[in-house]
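Inspection log for the structure reproduced underneath, given as structure tokens.
Just so you know, ligand 1 is whichever comes first in the structure, and atom 1 is the first atom listed for that ligand.
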Amino acid sequence: MNTRADLESAADLPSWAPSPREYDDLALALDGILAEITVVAPPDAVPAAAGVTAVDLTDLEGTPVARLSVRRSAPVGRTVGPADAVSPADAVSPADAVSPADAVSPADAVSPADPAPGPERWALTGPVTPLRPREDGVFRHLHRSPAQVRADLTGGTCAGTVKVAAVPVDGPLDTATLNRLAETTAAYDAVVLLPLVGLGSPRGVSAHTLVRVTAAAAGLLPTRPLVVPVHLAARADADEDAALRLLVASAYGEPVEVADHSDGGDPTTWTDLGRYPAPVADLLRAEHPPAHRRGLVVFFTGLSGSGKSTLARQLHDLVLERGDRTVTMLDGDVVRRMLSAGLGFSRADREANIARIGFVAAEVARHGGVAICAPIAPYAGTRNDVRRMVEAAGGVFVLVHVSTPLAECERRDRKGLYAKARAGLIKEFTGITDPYEVPTDADLALDTSHLSVDTATSAVMDLLTARGFLTAPGRAGSPDQP
Ligand SMILES: Nc1ncnc2c1ncn2[C@@H]1O[C@H](COP(=O)(O)OS(=O)(=O)O)[C@@H](OP(=O)(O)O)[C@H]1O
Ligand SMILES: Nc1ncnc2c1ncn2[C@@H]1O[C@H](COP(=O)(O)OP(=O)(O)O)[C@@H](O)[C@H]1O
């Protein structure tokens with residue numbers, strides 16, 4: 001731990017709040033599992049990055065939690081937007097790629113709200129020292145460093161005489177796996193189950209549920225294993241993931257692998273809860289409500305005047321008439337007044353606008369509600385970011401492309417904006433002087449020049465019902481005409 005003098009002398013050090021993935025790496029480094037970590041920071045956060053020798057890493061509130069001693073630094077190429085985001089291979093030069101923590105994921109490298117091309121960022125690599133005990137983390141009270149686990153298990157005596165099996169766990173343990181685990185670890189003095197709660201590691205469950213199901217499974221094993229959550233974040237590369245799991249497990253004991261990756265861990269296909277022991281299945285059932293009670297985001301995208309708002313409003317009414325779901329409307333015009341006042345129509349502003357819509361929609365979905373969004377959302381990358389945000393919140397994302405051709409939108413020109421855009425009075429107008437990237441991943445495409453409002457909305461309702469997101473028949477609970 002640093003002395004007061006150290007802290008005071010650090011007053012001039014630059015500081016930086018690491019991304020969630022880097023924060024996970026920091027947790028591993030502070031536990032002595034990773035020797036070094038890499039953080040990627042913009043030059044304004046790390047002035048004169050090439051000459052910087054230390055950076056204070058802060059939590060999201062800006063409180064310094066650790067100090068990174070910079071052993072190597074390298075510029076990281078900047079790109080225009082998420083669609084072109086930096087790939088891990090490009091991000092850090094091979095000479096610097098000493099630890100798996102170096103990988104820079106696209107999500108970390110460029111945030112959707114980032115303005116277009118700017119100066120380079122810096123990848124700063126080195127060991128870390130703690131500045132204060134970490135107060136956050138998934139199931140913090142269960143956290144133990146490898147050294148603490150060793151001390152706990154040996155009672156401070158004869159370290160090395162206790163044979164510990166260390167088992168990384170990234171998904172719920174089913175009955176067959178538990179039986180295998182009981183056999184494999186029978187000869188050990190102690191077993192430590194290590195739920196991997198870092199970003200992207202838990203398969204098909206949230207990090208908190210992974211710990212809860214692992215604890216439930218541990219209670220069924222004769223060895224009564226310790227359960228110690230570890231903030232290992234997933235990488236894009238399976239070999240790297242495997243190497244890191246081994247590194248983590250080796251730090252806690254003798255690595256024992258039991259995970260079965262064959263099912264892919266998709267929660268929507270977990271129909272066979274019978275393969276899990278009852279206490280685990282009960283927790284999974286609670287985390288994965290049936291499709292018609294899961295959060296749902298219906299995202300309309302299309303040109304101005306294509307019919308997004310009209311269809312969204314009708315869908316809103318139809319879903320509310322059923323009486324079994326709550327609905328939040330995030331219509332383009334309304335959002336621009338309430339959430340995005342002050343934003344214009346540059347690429348960066350449009351991306352920021354959609355990121356805000358996505359954030360709110362994902363929160364609605366997290367709580368099991370329905371969000372209906374109707375912005376133009378011209379960029380595929382930004383729409384994809386919203387899909388990822390919603391799915392990460394446990395929701396379902398349905399993309400509806402209102403594909404009414406430009407000529408028809410322009411003919412309607414109900415706000416007179418197309419005429420102004422043609423006359424050069426409005427700049428960056430979608431379809432005229434600004435791009436619209438036609439979705440290739442839409443669940444439904446509706447050309448309203450050929451479909452009535454009722455027919456188009458019914459097509460959306462039918463899709464939602466067919467996929468189980470609304471219960472059939474369509475108007476359960478609503479009074480019909482006799
Ligand atoms: N330059 C330019 N390009 C496109 N649209 C413009 C522009 N300036 C103003 N408007 C009006 O703003 C509405 C689109 O806002 P969105 O928030 O949906 O756009 S975006 O998703 O952020 O691209 C859009 O409303 P809708 O017609 O409901 O789509 C337009 O009325
Ligand atoms: N089948 C249809 N579906 C949706 N809108 C239609 C249809 N036929 C005509 N329209 C008209 O087209 C216009 C679409 O406007 P709006 O819904 O505000 O589009 P957007 O939100 O995409 O800008 C409205 O005036 C609407 O009445």
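Here D413 does not pair with R422 in a salt bridge; the nearest charged N to carboxylate O distance is not below 4.0 Å. Using a 4.0 Å cut-off between charged side-chain N and carboxylate O, D441 and R383 make no salt bridge. Between E428 and R350, no side-chain nitrogen of the basic residue sits less than 4.0 Å from a carboxylate oxygen of the acidic one, so the salt-bridge criterion is not met. Of the charged side-chain nitrogens involved, at least one lies within less than 4.0 Å of a carboxylate oxygen, so that D282 and R285 count as a salt-bridged pair.
The shortest heavy-atom distance from D434 to ligand 1 is not under 4.0 Å.
Contacts between N353 and ligand 1, counted as non-hydrogen atom pairs separated by less than 4.0 Å, involve the side chain only. Contact annotation: for V335 versus ligand 1, there are no heavy atoms closer than 4.0 Å. Contact annotation: for K427 versus ligand 1, heavy atoms closer than 4.0 Å belong to the backbone alone. Using a 4.0 Å cut-off between heavy atoms, A374 makes no contact with ligand 1 at all. For F345, every heavy-atom contact with ligand 1 shorter than 4.0 Å involves the side chain, none the backbone. With a heavy-atom cut-off of 4.0 Å, R356 does not touch ligand 1 at all. Contacts of I354 with ligand 1, taken as heavy-atom pairs under 4.0 Å, involve the side chain alone. When heavy-atom distances to ligand 1 are checked against a 4.0 Å cut-off, L417 comes that close only through its side chain, counted from C-beta outward.
Rounded to the nearest 0.5 angstrom, D434 CG and K427 NZ are separated by 12.0 Å. How far CG of L244 is from CG of D239: 11.0 Å, rounded to the nearest 0.5 Å. Rounding to the nearest 0.5 angstrom, the gap separating the CG atom in L399 from the CZ atom in F300 is 10.0 Å. Taking CG of L406 as the reference point, atom CG of L303 lies at 6.0 Å (rounded to 0.5 Å). How far OG of S309 is from CE of M329: 7.0 Å, rounded to the nearest 0.5 Å.
Partners of R71 under the salt bridge (charged side-chain N to carboxylate O under 4.0 Å, His left out) rule, at least two apart in sequence or in another chain, do not exist in this structure.
Looking at T404, T448, T430, V402 one by one, the single match for side-chain contact (heavy atoms from CB on, under 4.5 Å) with C409 turns out to be T404.
The ring pair (Phe, Tyr, Trp, His ring centres under 6.0 Å) contacts involving residues 311-368 comprise nothing, where partners must be two or more places apart or lie in separate chains. For residues 362-378, the set of pairs meeting the salt bridge (Lys or Arg N to Asp or Glu O under 4.0 Å) definition, not counting sequence neighbours, comprises E363-R366.
Considering only non-hydrogen protein atoms, atom 15 (O) of ligand 1 sits nearest to R336 NE, 3.3 Å. Distance from atom 3 (N) of ligand 1 to its nearest protein heavy atom, with residue and atom name: R350 NH2, 3.1 Å. Remark: minimum distance from atom 21 (O) of ligand 1 to any protein heavy atom is reached at A377 N, 2.8 Å. The closest protein non-hydrogen atom to atom 2 (C) of ligand 1 is F429 CD1, 3.4 Å. If you check which protein heavy atom lies closest to atom 29 (O) of ligand 1, you get K308 NZ, 3.1 Å. Scanning the protein heavy atoms around atom 27 (O) of ligand 1, the nearest turns out to be S304 OG, 2.6 Å. When only non-hydrogen protein atoms are considered, atom 25 (O) of ligand 1 lies nearest to K415 NZ, 3.2 Å. At the top of the distance list for atom 18 (O) of ligand 1, counting protein heavy atoms only, stands I376 N, 2.8 Å.
Remark: ligand 1 atoms within the under-4.0 Å shell around heavy atoms of T430 are 3 (N), 4 (C). Distances below 4.0 Å separate heavy atoms of R414 from the following atoms of ligand 1: 27 (O). Remark: ligand 1 atoms within the under-4.0 Å shell around heavy atoms of G305 are 27 (O). Remark: ligand 1 atoms within the under-4.0 Å shell around heavy atoms of E428 are 1 (N), 2 (C), 3 (N).
Judged by distance alone, the side chains of S449 and R411 never bring a donor and an acceptor atom under 3.5 Å apart. A donor atom on one side chain and an acceptor atom on the other are found under 3.5 Å apart for H143 and D31. T58 and S15 form no side-chain donor-acceptor contact under 3.5 Å, judged by distance and modelled atom types alone.
Protein residues having a heavy atom under 4.0 Å from any atom of ligand 2 are L303, S304, G305, S306, G307, K308, S309, T310, L311, R412, R414, T448, L451, S452, V453, listed by chain and number.
Using a 30° and 60° split on the angle between ring planes, H401 and Y436 fall in the parallel class, below 30°.
For ligand 1, none of its N or O atoms has an N or O atom of P378 under 3.5 Å away.
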